[in-house]
Amino acid sequence: MTRHAKNCTAGTVYTYHERQKDTKKSGYGSKAVRLGKDSVKDFDCCSLTLQPCREPVITPDGFLYDREAILECLLHQKTESARKMKAFEKQKKKQEAEEIGKLEEKERSKVESFVNMEKRITTKPKSAFTVSNETSVEGDSADPVPSTSTGAANSDSKNKNLPSFWVPSLTPQAEPTLLKKPDTKTFCPMSGKPLRIKDLIPVKLTPIDDKDDRPMVAKSERYKCAVTHDALGNSVPCAVLKNTGRVVTMDCVEKLVKKDMLCPFTGAKLKDTDIIPLQRGGTGFAAAGVQLEAKKAGPVLQA
């Protein structure tokens with residue numbers, strides 16, 4: 001009877017712990033890890049820099065960015081699409097030139113075949129009753145006509161010629177990969193949907209009034225709801241009002257804003273699209289509503 005321990009190797013069964021240890025050591029198989037609170041960004045941090053936003057803006061899908069970071073990202077996408085479009089236009093012109101060259105070569109071959117055919121036609125007067133040296137009176141040809149079997153054998157021998165990889169003229173060449181026409185639109189780095197600069201909405205965060213002299217980065221609670229003055233964080237669902245850019249909690253939206261669909265700051269009429277839920281980071285709880293599982297696919301051993 002073997003001992004019930006993790007490091008016991010005298011058992012006759014390949015245990016789950018041994019399989020997990022061997023998988024981790026060999027590097028085979030996919031790995032799944034649940035992210036903790038320290039691995040995700042705060043609700044007021046930029047989705048690109050993962051740092052607190054100095055000039056926050058939000059997309060219609062609720063992703064928060066720093067204006068400088070998102071503008072730099074969109075500019076990079078524009079530059080990259082322009083470079084790809086230039087390469088695509090160059091490839092298109094090259095293909096058009098090749099097509100024109102093929103047409104010219106085809107027309108040239110037609111003209112040459114026509115000229116060769118015209119050269120075969122004799123224009124000198126010739127007597128029909130004179131006998132040439134090449135043919136006899138009876139019409140028998142001087143050279144015997146080769147048999148069909150011999151001609152077929154010669155054609156088969158020509159077709160059996162394989163390309164030689166050591167002869168430059170017979171070496172097969174790999175065709176270049178054709179480029180596809182790039183999309184000139186700019187996309188959101190997080191959602192992947194088309195995003196324009198005019199779609200960005202400025203956000204006004206209300207800081208907490210306290211006597212703490214520490215910098216904003218060092219504080220655990222930095223901002224509050226503009227209506228209820230509740231502290232905001234990843235555990236508190238919040239939304240942005242599109243007309244003013246103010247950040248309020250979802251409880252405030254459900255209990256106050258959606259009751260009359262009026263802005264609590266300006267009194268203007270609101271629509272459902274004017275309330276943008278803010279995409280927040282995760283917490284340490286399983287029911288936070290945020291995907292916190294990271295997966296890494298690796299090679300798999302097959303039996």
Side-chain angles (χ1 to χ4, degrees), residues 35 37-88 180-208 215-226 231-250 253 257 263 265-266 270-283 288-294:
L35 301 177
K37 184 179 179 181
D38 298 335
S39 301
V40 295
K41 72 178 188 70
D42 292 333
F43 83 101
D44 60 332
C45 291
C46 175
S47 298
L48 291 175
T49 62
L50 305 181
Q51 298 295 326
C53 297
R54 294 178 293 180
E55 192 176 354
V57 291
I58 193 173
T59 64
D61 295 325
F63 292 99
L64 193 71
Y65 295 102
D66 195 354
R67 179 178 290 274
E68 181 181 356
I70 188 61
L71 290 182
E72 184 178 355
C73 178
L74 296 180
L75 179 61
H76 176 72
Q77 293 183 21
K78 279 286 187 182
T79 306
E80 191 68 15
S81 62
R83 183 189 66 81
K84 292 181 180 180
M85 181 61 72
K86 187 176 181 181
F88 177 76
K180 296 182 179 179
K181 186 176 181 180
D183 196 349
T184 57
K185 297 180 182 179
T186 54
F187 298 91
C188 176
M190 297 298 296
S191 64
K193 297 180 181 179
L195 178 65
R196 299 174 296 179
I197 296 179
K198 64 180 182 180
D199 295 336
L200 300 174
I201 304 166
V203 177
K204 298 178 183 179
L205 293 168
T206 306
I208 295 178
M216 294 291 291
V217 182
K219 297 180 181 179
S220 59
E221 296 179 351
R222 296 186 284 265
Y223 300 102
K224 63 182 179 180
C225 175
L232 301 179
N234 284 353
S235 59
V236 180
C238 47
V240 177
L241 301 181
K242 186 176 180 180
N243 60 338
T244 60
R246 297 286 184 177
V247 181
V248 296
T249 60
M250 290 302 295
V253 171
V257 178
C263 178
F265 305 101
T266 61
L270 296 178
K271 301 178 182 177
D272 291 336
T273 56
D274 294 334
I275 302 173
I276 304 174
L278 184 62
Q279 300 288 342
R280 53 200 172 94
T283 63
V290 183
Q291 185 68 25
L292 296 176
E293 188 177 2

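Checked against Asp42 for a side-chain hydrogen bond (donor to acceptor under 3.5 Å, both in side chains), the options Gln51, Arg222, Arg280 give a single hit: Arg222. None of Val240, Val247, Leu200 except one satisfies the side chain to side chain contact (heavy atoms under 4.5 Å, CB included) rule with Ile58; the exception is Val240.
Judged as a salt bridge (charged side-chain N to carboxylate O under 4.0 Å, His left out), and not counting sequence neighbours, the contacts of Lys224 are Asp209. With sequence neighbours left out, Asp199 forms a salt bridge (charged side-chain N to carboxylate O under 4.0 Å, His left out) with Arg196.
Contact between Pro237 and Ser235 at its shortest, heavy atoms only, is CD-O, 3.6 Å. Ala226 and Thr206 get closest at one heavy-atom pair: CB-OG1, 3.6 Å. Of all heavy-atom pairs between Phe265 and Thr244, the closest is CD1-OG1, 4.0 Å. Here the closest non-hydrogen pair linking Cys46 and Lys41 is O-CD, 3.8 Å. For Phe43 against Leu278, the heavy-atom pair with the smallest separation is CD1-CD2, 3.7 Å. Residues Ile275 and Val257 approach most closely at CD1-CG1, 4.1 Å, considering heavy atoms.
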Checking side-chain contact (heavy atoms from CB on, under 4.5 Å) for the pair Lys181/Met85: CA distance, chi angles, key distance, verdict? CA-CA 7 Å; Lys181 186 176 181 180; Met85 181 61 72; 4.1 Å; yes
Could you check Asp61 against Gln279 for side-chain contact (heavy atoms from CB on, under 4.5 Å), going step by step and ending with a plain yes or no? CA-CA 8 Å; Asp61 295 325; Gln279 300 288 342; 5.7 Å; no
List the steps and the verdict of side-chain contact (heavy atoms from CB on, under 4.5 Å) for Asp66 and Leu48. CA-CA 8 Å; Asp66 195 354; Leu48 291 175; over 6 Å; no
Evaluate the side-chain contact (heavy atoms from CB on, under 4.5 Å) criterion for residues Leu270 and Asn243: first the C-alpha distance (whole Å), next the side-chain angles of each, then the deciding distance (0.1 Å), finally the verdict. CA-CA 8 Å; Leu270 296 178; Asn243 60 338; 3.7 Å; yes
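Contact of the Leu50 side chain with the Cys45 side chain is not registered, since no non-hydrogen atoms from C-beta on lie closer than 4.5 Å. In this structure, the side chains of Arg67 and Pro202 come closer than 4.5 Å at one or more pairs of heavy atoms.
Of the possible donor and acceptor atoms, none in the side chain of Asp274 sits under 3.5 Å from a partner among the backbone N and O of Leu241. Panel note: side chain Ser47, backbone Tyr65; no donor-acceptor pair is recorded below 3.5 Å.
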Please tabulate, one pair per line, all N/O donor-acceptor pairs under 3.5 Å involving side-chain atoms of residues 68-77, not counting sequence neighbours.
from, atom 1, to, atom 2, distance (Å)
Glu68, OE1, Arg54, NH2, 2.7
Gln77, OE1, Phe187, N, 2.8
Gln77, NE2, Phe187, O, 3.0

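For the atom pair CG of Asp183 and OG of Ser81, the computed distance is 8.5 Å after rounding to the nearest 0.5 Å. The NZ atom of Lys78 sits 11.0 Å away from atom NZ of Lys185, with the distance rounded to the nearest 0.5 Å.
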